[in-house]
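Keep in mind it's a predicted model, so treat the numbers as computed, not measured.
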Amino acid sequence: MRQQIYSLLVSNNPGVLSRIAGLFSRRGYSIDSITAGDTMDGRYSRITVVSTGDEMILSQIEKQVRKLEDVKEITLFQEGESVTRELIMVKVCIDAARRAEVISLADIFRANVVDVGVDSIIIELTGSQSKLDGFLKLLSGYDILEIARTGITALSRGI
């Protein structure tokens with residue numbers, strides 16, 4: 001089993017995201033993460049889908065997605081040939097006495113403190129999945145109230 005990142009350039013039509021997610025659902029393919037957003041050209045959107053499976057399943061996903069009318073281009077990203085990022089926001093229950101510890105951890109990971117309350121702090125971190133997972137592991141000794149992750153987005157390296 002391996003993870004594959006599919007970057008789809010799609011027509012910016014109503015329901016396109018639903019049709020892509022539906023294809024995965026109907027065929028029983030897993031979606032580890034899915035993100036969508038505008039491109040420089042308003043006619044198109046970029047959808048990044050991350051899926052896990054064996055070589056046969058991953059190949060079938062590519063073939064099935066290519067058949068969709070709204071899909072104009074599909075790029076498969078390989079390790080080292082692309083830049084991938086994910087955003088996470090973590091709300092930690094923390095008292096004033098331990099707040100400096102959590103802020104120090106955030107600084108080590110180049111994270112941003114985006115909100116401070118009387119009993120909580122919200123930290124924003126962008127990076128690779130392994131960086132985010134490492135940060136969460138170090139925060140496991142604290143009372144994590146909420147986590148929100150965007151999922152992976154990717155672009156190819158170079159021109």
Side-chain angles (χ1 to χ4, degrees), residues 1-93 105-106 108-112 114-115 122-159:
M1 299 284 271
R2 71 176 182 87
Q3 193 176 62
Q4 179 65 60
I5 301 171
Y6 303 91
S7 179
L8 314 174
L9 185 65
V10 300
S11 295
N12 201 359
N13 295 329
V16 67
L17 182 60
S18 177
R19 286 189 289 281
I20 290 169
L23 179 144
F24 278 75
S25 176
R26 284 189 309 278
R27 305 254 189 243
Y29 302 142
S30 69
I31 295 177
D32 298 338
S33 76
I34 188 167
T35 60
D38 294 334
T39 64
M40 295 291 290
D41 185 338
R43 298 174 298 167
Y44 303 105
S45 293
R46 172 128 359 245
I47 298 175
T48 305
V49 182
V50 181
S51 190
T52 303
D54 60 29
E55 291 302 320
M56 188 177 91
I57 298 274
L58 297 175
S59 175
Q60 284 299 311
I61 290 171
E62 178 187 358
K63 290 173 187 170
Q64 295 298 318
V65 169
R66 280 191 193 282
K67 291 180 184 179
L68 294 174
E69 184 177 321
D70 290 319
V71 176
K72 302 303 175 196
E73 180 182 303
I74 180 170
T75 305
L76 281 62
F77 288 127
Q78 306 299 326
E79 189 77 28
E81 296 175 6
S82 62
V83 177
T84 63
R85 292 293 182 264
E86 185 175 5
L87 168 73
I88 189 170
M89 291 195 317
V90 183
K91 184 189 287 185
V92 181
C93 181
L105 281 176
I108 291 168
F109 281 82
R110 296 189 188 132
N112 297 311
V114 294
D115 186 66
I122 298 177
I123 301 165
E124 166 192 82
L125 176 61
T126 303
S128 65
Q129 275 188 311
S130 60
K131 179 180 180 178
L132 274 54
D133 292 341
F135 182 64
L136 288 175
K137 188 173 182 180
L138 288 177
L139 283 179
S140 65
Y142 299 93
D143 185 14
I144 297 175
L145 300 172
E146 293 181 77
I147 296 176
R149 284 181 95 146
T150 61
I152 293 174
T153 192
L155 288 175
S156 60
R157 292 186 181 277
I159 296 176

Colleague: I'd like to know if the side chain of Thr126 and the backbone of Leu87 have a donor-acceptor N/O pair within less than 3.5 Å.
Modeller: no
Colleague: Does any part of the side chain of Asn12, heavy atoms only, come nearer than 4.5 Å to the side chain of Arg43, both counted from C-beta?
Modeller: no
Colleague: Determine whether Arg19 and Asn13 satisfy the following criterion, side-chain contact (heavy atoms from CB on, under 4.5 Å), listing intermediate values before the conclusion.
Modeller: CA-CA 11 Å; Arg19 286 189 289 281; Asn13 295 329; 4.2 Å; yes
Colleague: At what distance, to the nearest 0.5 angstrom, does CD1 of Ile74 lie from CD1 of Ile47?
Modeller: 11.0 Å
Colleague: Which pair of non-hydrogen atoms, one from Ala154 and one from Thr84, has the smallest distance, and what is that distance?
Modeller: CB-CG2, 3.6 Å
Colleague: Decide yes or no on side-chain contact (heavy atoms from CB on, under 4.5 Å) for Ser45 and Asp38, but give the supporting numbers first.
Modeller: CA-CA 5 Å; Ser45 293; Asp38 294 334; 4.1 Å; yes
Colleague: Is the closest basic N to carboxylate O distance between Arg2 and Glu55 below 4.0 Å?
Modeller: yes
Colleague: NZ of Lys72 to CG of Leu9: how many Å apart, nearest 0.5 Å?
Modeller: 9.0 Å
Colleague: If only atom types and distance count, is the side chain of Ser33 paired as donor or acceptor with the main-chain N or O of Ile152 below 3.5 Å?
Modeller: yes
Colleague: Under a 4.5 Å cut-off applied to non-hydrogen side-chain atoms, are Phe109 and Leu132 in contact?
Modeller: no
Colleague: How long is the straight-line distance from CG of Asp54 back to OG of Ser59, given to the nearest 0.5 Å?
Modeller: 10.0 Å
Colleague: Please determine whether side-chain contact (heavy atoms from CB on, under 4.5 Å) holds for the pair Leu125 and Val90, giving the CA-CA distance in whole Å, both sets of side-chain angles, and the decisive distance to 0.1 Å.
Modeller: CA-CA 8 Å; Leu125 176 61; Val90 183; over 6 Å; no
Colleague: Do the side chains of Asp32 and Gln129 get nearer than 4.5 Å, heavy atoms only?
Modeller: no
Colleague: With a 4.5 Å cut-off on side-chain heavy atoms, are Leu105 and Tyr142 touching?
Modeller: yes
Colleague: Calculate, to the nearest 0.5 Å, the distance between atoms CD and CD1 belonging to Gln4 and Ile57 respectively.
Modeller: 13.5 Å
Colleague: Would a 4.5 Å heavy-atom cut-off, applied to side chains only, mark Ile34 and Leu17 as touching?
Modeller: yes
Colleague: Atom OG1 in Thr153, atom CD in Glu86: separation rounded to 0.5 Å?
Modeller: 10.0 Å
Colleague: Could you please spell out the steps behind the side-chain contact (heavy atoms from CB on, under 4.5 Å) verdict for Leu136 and Ile88?
Modeller: CA-CA 10 Å; Leu136 288 175; Ile88 189 170; 3.6 Å; yes
Colleague: Could you grab the distance from atom CG of Leu58 to atom CE of Met1, nearest 0.5 Å is fine?
Modeller: 8.0 Å
Colleague: Please tell me whether Ser130 and Ser128 have a donor and an acceptor in their side chains that are separated by less than 3.5 angstrom.
Modeller: yes
Colleague: Under 3.5 Å, is there a donor-acceptor pair between the side chain of Ser140 and the main chain of Lys137?
Modeller: yes
Colleague: List the atom of Arg66, the atom of Glu62, and the distance in Å for their closest heavy-atom pair.
Modeller: NH2-OE2, 2.8 Å
Colleague: So do the side chains of Gln60 and Arg27 get within less than 4.5 Å of each other, counting heavy atoms only?
Modeller: no
Colleague: May I ask you to decide if Ser7's main-chain N or O and Thr48's side chain share a donor-acceptor pair within less than 3.5 Å?
Modeller: no
Colleague: Just jot down the side chain to side chain contact (heavy atoms under 4.5 Å, CB included) partners of Leu68, sequence neighbours excluded, or say none.
Modeller: Ile20, Leu23, Val71
Colleague: Considering only heavy atoms from C-beta outward, does the side chain of Glu73 approach that of Tyr44 to under 4.5 Å?
Modeller: no
Colleague: Hey, are the side chains of Tyr6 and Ile61 touching, using non-hydrogen atoms and a 4.5 Å cut-off?
Modeller: yes
